[in-house]
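Here, residue 1 is the first one in the sequence, and each next residue gets the next number.
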Amino acid sequence: MHGHTGTGGPSSLAAAEAARSRLDFAKSAPKVFRALIGFDAAARAGLDPALVELIQIRASHLNHCAYCLHMHTNDARKAGESEDRLHMVAVWREARHFFTAKEQAALALTEAVTLVADGGVPDDVYAEAATRFDEEELAQVLALILAINTWNRVALSTGKVAGTDERRR
């Protein structure tokens with residue numbers, strides 16, 4: 001436990017959740033929330049589940065969304081993803097041998113779309129993704145990137161606490 005001062009146990013999670021004073025998006029905007037769930041489900045349909053989690057993890061890193069990062073790294077582990085690959089997602093360019101060419105193209109596209117205000121989606125990034133995915137898959141990947149960026153913004157805006165995954169309730 002190098003440098004960790006908190007207990008990180010259930011009482012810490014409960015205290016963090018209790019301290020959250022922002023609205024509950026699902027309860028306050030149920031139609032919008034259900035539409036997001038539907039959009040997310042449609043976006044991931046037919047995509048490799050491992051790829052789905054890598055995209056969601058990378059976008060959550062870039063958006064500094066601890067809630068979604070915790071959720072999607074746990075989902076990836078449960079689906080059989082290796083700890084090595086999970087640790088390398090944030091630095092995938094320096095650890096390309098952990099990822100397929102298709103995964104690398106998806107990660108690069110995830111970064112470009114997530115950070116779109118920093119320079120758009122470069123033609124070379126898009127072109128590489130277009131060589132690795134057929135048009136339907138590429139559309140699904142783009143939709144998934146849009147979905148996780150929306151979920152990250154919902155979680156960050158409403159003060160969601162990492163480790164309090166409501167899907168289990």
Is there a donor-acceptor contact under 3.5 Å from the side chain of Q104 to the main chain of F99?
yes
When you measure from the side chain of R132 to the backbone N and O of E103, does any donor-acceptor pair fall under 3.5 Å?
no
Full working for side-chain contact (heavy atoms from CB on, under 4.5 Å) between N74 and R77:
CA-CA 5 Å; N74 281 337; R77 278 185 196 96; 3.1 Å; yes
Would one find more than 12 heavy atoms of other residues, nucleotides or ligands at under 6.0 Å from atom CD of E94?
yes
Taking atom CD1 of I148 and atom CD1 of I57, what is their separation to the nearest 0.5 Å?
9.5 Å
What distance do L51 atom CG and T100 atom OG1 have between them, rounded to the nearest 0.5 Å?
7.5 Å
By ring pair (Phe, Tyr, Trp, His ring centres under 6.0 Å), F33 pairs with (sequence neighbours left out) W151
Evaluate E135 against L138 for side-chain contact (heavy atoms from CB on, under 4.5 Å), listing each step before the verdict.
CA-CA 5 Å; E135 281 193 7; L138 183 56; 5.7 Å; no
Counting N and O atoms only, with roles assigned by atom type, does the side chain of S28 sit under 3.5 Å from a partner on the main chain of F25, one being a donor and the other an acceptor?
no
Do other residues, nucleotides or ligands put more than 12 heavy atoms under 6.0 Å from D123 CG?
no
Looking at every heavy atom in both W92 and E111, which two are closest together, and how far apart are they?
NE1-OE2, 2.7 Å
Flag yes if V116 and L146 sit in one hydrophobic cluster, no otherwise; membership is Ile, Leu, Val, Met, Phe, Trp, Tyr, and two members link when side-chain heavy atoms are under 4.5 Å apart.
yes
When hydrophobic residues are tied together by side-chain contacts of less than 4.5 Å, even through go-betweens, does L144 share a cluster with Y126?
yes
Check whether any side-chain heavy atom of T150 sits under 4.5 Å from a side-chain heavy atom of R153, and report yes or no.
no
Heavy atoms of T164 and Y67 approach each other most closely as O-CE1, 3.3 Å
Linked, directly or transitively: V91 and V89 (ILVMFWY side chains, under 4.5 Å):
yes
Shortest non-hydrogen pair, C65 vs L156, comes out as CA-CD2, 4.0 Å
Consider only side-chain heavy atoms of I, L, V, M, F, W and Y, link residues closer than 4.5 Å, and tell whether F133 and L109 are in one cluster.
yes
Just wondering, are more than 12 heavy atoms of other shown residues or ligands nearer than 6.0 Å to CD in E83?
yes
Heavy-atom donor-acceptor pair, T131 side chain to E128 backbone, under 3.5 Å
yes
Measure across N63 and N149 and return the closest heavy-atom pair with its distance rounded to 0.1 Å.
ND2-OD1, 2.9 Å
Not counting sequence neighbours, which residues clear side-chain contact (heavy atoms from CB on, under 4.5 Å) with P49? List them please.
none
Interatomic distance, R58 atom CZ to L69 atom CG [nearest 0.5 angstrom]:
10.0 Å
So do the side chains of I55 and L107 get within less than 4.5 Å of each other, counting heavy atoms only?
no
Just wondering, more than 12 heavy atoms not from F98 lying within 6.0 Å of its CZ?
yes
Under 4.5 Å between side-chain heavy atoms, hopping through other hydrophobics if needed: is there a path connecting V141 to L54?
no
Can you check whether D24 reaches T158 side chain to side chain, under 4.5 Å on heavy atoms?
no
Shortest non-hydrogen contact from Q140 to A43?
NE2-O, 2.8 Å
Provide the closest heavy-atom pair for L86 versus T73 in the form atom of the first, atom of the second, distance.
CD1-O, 4.0 Å
Does E53 form a side-chain contact (heavy atoms from CB on, under 4.5 Å) with R44? I'd like the steps, not just the answer.
CA-CA 10 Å; E53 296 305 336; R44 67 180 60 225; 4.3 Å; yes
Any D40 side-chain heavy atom under 4.5 Å of Q56 side chain:
yes
